[in-house]
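Model, not experiment: these values are computed from the prediction. Index from 1, following the sequence.
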Amino acid sequence: MAIAIALVAGIPAAAQGQDTAAADDADTANQVIIVTGFRASLENAINEKKQAQQIVESVSAEDIGKLPDASIAESIARLPGLTSQRVSGRSNAIAIRGFAPDFSTTLLNGREQTSTGDNRAVEYDQYPSEVISQVNVYKTPMASLVGQGLSGTVDMRTIRPLEAGKRVVSFGARGSYTDLGKLNTGSDDMGYRVNGMYVDKFANDTIGVALGASYTDEPYQIEEFNAWGYADTPDGNKVIGGSKSYNTSTKLKRLGLNGTLQWRPDPRFTSTIDAFYSNFKDDQIKRGIELPLYWGNATLNPGYTVEDGLITSGSFDDVKGVLRNDVFQRHAKLYSFGWNNKWEGDDGWDAMFDASYSKTDRNELSIESYSGTGRGSLGATDTIGFSSKSSGTGFTHGLDYGDYDLIQLTSPQGWGGTQIAQDGTRILGGQDGYYNNRIVKDELWQFRVEVQKHIENGWLDSIRTGLNYNNRTKSLVPEEYFLGLAANTDGLTSVPVPEAYRLGTTDLKYLGLGPVISYNPIDLINDGIYNLVANPYGDVVVKSYSIRERIMTGYVQANFDADIGSANLTGNIGVQANWTDQNSKGATAVLLGTNPNGSPNVGSLVRNESTDYLDVLPSLNLSLRFPSDFVVRFAASREIIRPRLDDMRASLSTSYTITGDVAQVTGESGNPDLRPWRANALDLTFEKYFGGKGYISAQFYWKDLKSYVYKQDITIPTSLLALADPGDGVSLSPTAQILVPINGQGGKLYGVEVATTLPFDTFVPALEGFGVTGSVAYTKTKIQPEPGAPSSDLPGYSKWVANGTAYFEKGGFNLRGSVRYRSTFIGEVSGFAANRVRRRAASELIVDGQIGYDFREGSALEGLSLYLQGQNLTDEPFITTNPGGDSRQIIDYQRYGRRFLAGFSYKF
């Protein structure tokens with residue numbers, strides 16, 4: 001059990017940090033709510049929702065702690081209108097109201113955070129659930145909420161020790177098991193997680209300290225089928241063009257540290273220092289076979305089976321398989337610091353100053369290593385039978401791919417041919433692998449001041465105004481090399497894997513391909529078996545970029561509280577102004593000719609562009625509360641989300657297609673002048689509460705996207721580009737087609753969410769302890785980024801999203817079953833060279849369950865909690881299909897298996 005928070009009874013979900021992302025005027029932020037179980041955590045979330053001035057969803061510490069997930073994303077994804085996408089078998093990204101993670105923002109104690117991805121979206125597996133006391137998801141903005149997103153804003157909150165009722169020391173541990181077993185030789189199927197927390201107050205409750213730590217060492221296993229795509233045959237049918245499939249074993253290690261120091265020398269003044277550190281290592285070994293079939297040099301044999309235009313079974317001759325022993329390592333260190341000073345005067349004047357710093361250093365290393373029967377045209381080929389079905393394609397084979405005498409280190413397909421680096425090092429007869437290290441640095445400074453005046457005896461409750469300044473820089477530098485065998489000096493040599501590096505075999509039984517040889521390519525690189533030959537071409541140069549973003553945000557907000565008959569009207573109206581100055585640095589690669597050693601002479605034309613713009617964002621939030629516990633909310637706002645950082649890169653890559661004596665120029669570029677996504681939004685919510693225990697609600701929302709970012713080919717004169725002479729009497733075309741992200745027209749998105757939390761004893765006292773919580777959301781989108789173009793789906797958009805949890809909790813026993821469903825969506829997966837690519841993903845239904853027992857007060861084991869949990873109990877796969885094609889044309893079929901966790905927590 002994620003215990004450090006779950007066991008801190010008496011610590012409220014209090015507003016903290018900048019204190020503006022919490023419900024504006026809700027005094028509940030300062031109330032002590034004792035959280036002792038899942039039912040109590042639901043009540044805490046209901047009270048947060050009921051008293052909030054915005055439309056908000058909340059999950060409390062007990063809820064997160066009760067479900068010990070790899071990240072808090074699993075718990076957040078159960079909230080109404082939210083869902084997640086699984087990556088490597090775990091949820092690490094959240095979609096709100098049909099929008100991909102790129103459209104929301106995530107705050108930590110009200111402060112913006114750097115990210116471990118290429119964009120702004122936070123990956124939640126960086127944050128241990130143990131260090132988070134509460135998560136609020138704001139679906140509507142208000143002027144004083146800085147860093148808000150277009151689809152919503154996620155604010156993660158840590159413990160405020162001065163609000164704790166008493167000293168708490170807690171610790172816990174869990175073990176985990178994945179039922180796919182050890183897919184790769186040398187991998188694990190069992191792991192563990194340990195955590196602890198200390199919370200205390202000193203000096204007559206004027207100093208508070210909270211310290212938390214969590215360490216995770218857990219494996220994940222994936223059976224990962226991937227098809228190159230589906231080729232057209234001369235008879236008009238489709239057939240698999242090739243396959244690249246793996247056994248993937250992941251080892252996730254994460255150290256999370258969190259600390260808070262508070263000082264309150266005067267009841268009116270509180271100074272708070274927060275610190276958070278995450279050291280995250282996600283190491284993968286991927287072993288499998290790449291089979292060039294129809295799109296390779298293989299021959300499709302006659303006698304195949306065709307079903308409705310798809311060749312579902314048959315065989316290929318002359319298949320030269322490429323065995324893969326690949327490594328993918330994502331290492332990141334995240335630092336976050338904040339200092340908040342808040343004055344709450346006796347005369348109605350409040351003031352706040354906040355300073356914060358967030359930094360992420362990430363290395364993402366991808367190594368490909370090839371082996372086979374011989375280099376290029378040398379060596380034996382195989383006859384591969386295939387059968388394409390709903391779970392991907394299975395194969396039969398003739399060769400023994402686990403034979404170290406037959407399968408050697410080499411370039412079976414001769415990919416890349418001869419390569420010469422600018423320093424003269426070279427590979428001959430094809431590359432034997434590829435080395436790609438992406439170095440990402442992200443840094444963010446944030447400063448904020450705010451003043452608030454409380455007003456008595458009138459409908460106007462208070463006025464707050466503030467100024468916030470953000471300075472963010474993010475850069476990417478790639479290091480890319482071809483791998484070449486040191487012993488291959490003639491372009492014909494293959495090398496058996498040396499005995500010292502052989503790790504046995506890995507069985508690809510789910511593919512039908514049997515055992516394959518296994519080794520660690522990093523060891524071969526470190527010991528000089530492979531040479532690293534720097535990729536000399538311009539496609540590496542143009543991947544580098546540096547983005548700097550400076551944003552000055554000013555806001556004013558009026559909060560009101562008035563009685564209208566027997567009802568009470570609360571809310572706020574305000575406006576936020578964002579002055580943005582963005583700068584992008586990149587390069588255009590220029591081929592200047594050939595160096596004397598035969599390597600390409602590639603230069604770069606540095607590109608440095610800046611732009612600035614102003615966004616004015618008005619917002620209105622109204623909540624009409626009736627004595628019958630019925631609440632009607634209305635919100636209207638202007639919303640933005642800034643464009644992807646990698647879309648803003650000032651880099652341009654070009655290439656030639658020779659037609660006759662003319663070189664047609666094409667290319668791809670970022671757009672440093674890109675503007676945000678902008679939308680006008682309306683929300684209307686009806687909520688009925690049953691005391692403080694349950695509720696039912698219907699939320700209606702509508703967004704009109706005034707600006708949409710999409711990619712389009714634009715035509716520009718080639719005279720504006722620094723292009724190399726194609727030579728040999730070939731002339732450049734007068735114009736070039738460049739694919740560029742631009743701001744389009746947008747479209748509309750609207751929907752409804754129905755949600756409830758219903759303890760059964762609200763209506764039938766005999767059913768005390770039983771209850772349900774869940775939601776169903778329907779979203780419709782009509783997005784036309786280009787006038788006259790057909791409507792398209794937003795990335796991450798699912799028409800239907802639903803989740804539900806049935807629970808029983810009484811006498812220390814707790815039992816819970818959860819389901820989460822989302823309909824088909826456009827998801828992101830890892831593509832070539834670790835780049836993210838979008839594919840159509842199939843619908844998913846995820847089932848989890850938990851049983852536990854908490855020893856009660858007075859017991860000899862008081863404070864001890866035990867639990868057993870199962871995740872993904874139905875072994876739901878992740879599936880993507882051929883874009884625009886037949887749903888039977890499976891591109892990705894990833895099976896993660898079931899996970900079982902058992903653990904304990906103890907507090908005293």
Side-chain angles (χ1 to χ4, degrees), residues 12 14-31 52-54 107-112 136 138 141-148 153 155 157-158 160-163 205-208 260-275 336-358 444-458 460-471 551-561 570-579 617 619 621:
Q16 52 217 292
Q18 297 180 25
D19 215 25
T20 59
D24 186 27
D25 299 312
D27 292 333
T28 58
N30 295 317
Q31 296 175 359
Q53 304 305 317
Q54 300 164 269
L107 314 176
L108 180 62
N109 293 322
R111 307 176 180 108
E112 292 187 59
N136 293 323
Y138 299 98
M142 63 181 178
S144 59
L145 178 59
V146 175
Q148 58 194 254
T153 306
D155 188 15
R157 295 277 168 173
T158 58
R160 306 291 86 177
L162 285 180
E163 309 302 329
D205 292 347
T206 61
I207 296 177
T260 299
L261 173 64
Q262 286 191 292
W263 179 48
R264 188 177 290 162
D266 185 287
R268 296 167 295 180
F269 176 74
T270 304
S271 183
T272 304
I273 297 176
D274 290 298
S336 182
F337 304 97
W339 180 36
N340 181 268
N341 296 276
K342 188 171 184 179
W343 172 269
E344 296 176 315
D346 297 331
D347 56 357
W349 284 95
D350 298 339
M352 183 269 291
F353 169 75
D354 191 271
S356 63
Y357 174 74
S358 179
L444 172 63
W445 286 95
Q446 183 173 359
F447 301 94
R448 183 173 180 178
V449 293
E450 180 181 279
V451 176
Q452 180 172 234
K453 172 61 178 175
H454 295 276
I455 301 171
E456 298 180 356
N457 303 321
L460 186 61
D461 182 71
S462 64
I463 296 177
R464 63 168 46 170
T465 184
L467 195 65
N468 185 88
Y469 174 73
N470 278 18
N471 188 343
I551 305 170
M552 182 68 75
T553 301
Y555 59 89
V556 60
Q557 176 179 306
N559 307 303
F560 44 84
D561 187 337
T570 63
N572 55 72
I573 185 171
V575 64
Q576 187 180 103
N578 291 332
W579 291 269
L617 309 174
S619 62
N621 290 277

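- Contact annotation: the side chain of Leu261 approaches that of Ile207 to within less than 4.5 Å [non-hydrogen atoms, C-beta and beyond].
- For the pairing with Leu107, the side chain to side chain contact (heavy atoms under 4.5 Å, CB included) check across Asn136, Thr153, Val146 returns one residue only, Thr153.
- Here the straight-line distance linking atom CG of Asn572 with atom CD1 of Ile463 works out to 12.5 Å at 0.5 Å rounding.
- Atom OG of Ser356 is separated from atom CG of Leu108 by 9.5 Å, given to the nearest 0.5 angstrom.
- Listed by chain and number, the residues in a side-chain contact (heavy atoms from CB on, under 4.5 Å) with Ala355 are Phe353, Phe447 (sequence neighbours excluded).
- Considering every non-hydrogen atom in both Leu467 and Tyr555, the closest pair reads N-CE2, 4.1 Å.
- With sequence neighbours excluded, no residue satisfies side chain to side chain donor-acceptor pair (under 3.5 Å) with Thr465.
- Residues satisfying the ring-ring contact (aromatic ring centres under 6.0 Å, His included) test with Tyr357, not counting sequence neighbours, are Trp445.
- At least one donor-acceptor pair closer than 3.5 Å links the side chain of Gln557 to the backbone N or O of Ser144.
- In this structure, the side chain of Gln576 engages the main chain of Leu145 through a donor-acceptor pair within 3.5 Å.
- More than 12 heavy-atom neighbours from other residues, nucleotides or ligands sit within 6.0 angstrom of CH2 on Trp343.
- For Ile551, the side-chain contact (heavy atoms from CB on, under 4.5 Å) test picks out Asn470, Glu549, Thr553, Asn578, Thr580, Arg642, with sequence neighbours left out.
- The shortest non-hydrogen separation linking Thr260 to Pro161 is CG2-CD, 3.7 Å.
- In this structure, Arg264 pairs ionically with Glu163, as a charged nitrogen and a carboxylate oxygen lie closer than 4.0 Å.
- Residues meeting the salt bridge (Lys or Arg N to Asp or Glu O under 4.0 Å) test with Asp266, sequence neighbours left out: Arg268.
- With hydrogens and angles disregarded, a donor-acceptor distance shorter than 3.5 Å links the side chain of Gln148 to the backbone of Met142.
- In this structure, the side chain of Gln446 engages the main chain of Glu112 through a donor-acceptor pair within 3.5 Å.
- When all heavy atoms of Leu460 and Ala558 are compared, the closest pair comes out as CD1-CB, 3.9 Å.
- Nearest heavy-atom pair, Asn340 versus Asp354, reported as atom, atom and distance to 0.1 Å: ND2-OD2, 3.0 Å.
- The two residues Ala275 and Phe337 have their closest heavy-atom pair at CB-CD2, 3.8 Å.
- For Ile273, the side-chain contact (heavy atoms from CB on, under 4.5 Å) test picks out Trp339, with sequence neighbours left out.
- Asn621 places a side-chain N or O within 3.5 Å of a backbone atom of Pro141 that can act as its donor or acceptor partner.
- Contact between Phe560 and Ile573 at its shortest, heavy atoms only, is CE2-N, 3.9 Å.
- Separation of atoms CG (Asp561) and OG1 (Thr570) is listed at 6.0 Å; rounding is to 0.5 Å.
- Residue Asp350 is tested with His454, Lys453, Lys342, Arg464 for a side-chain hydrogen bond (donor to acceptor under 3.5 Å, both in side chains); the sole match is His454.
- Ion pair Arg160/Asp274 flagged as a salt bridge, since at least one NZ, NE, NH1 or NH2 atom sits closer than 4.0 Å to an Asp/Glu carboxylate oxygen.
- Residues Ser271 and Asn341 bring a donor and an acceptor atom of their side chains to less than 3.5 Å of each other.
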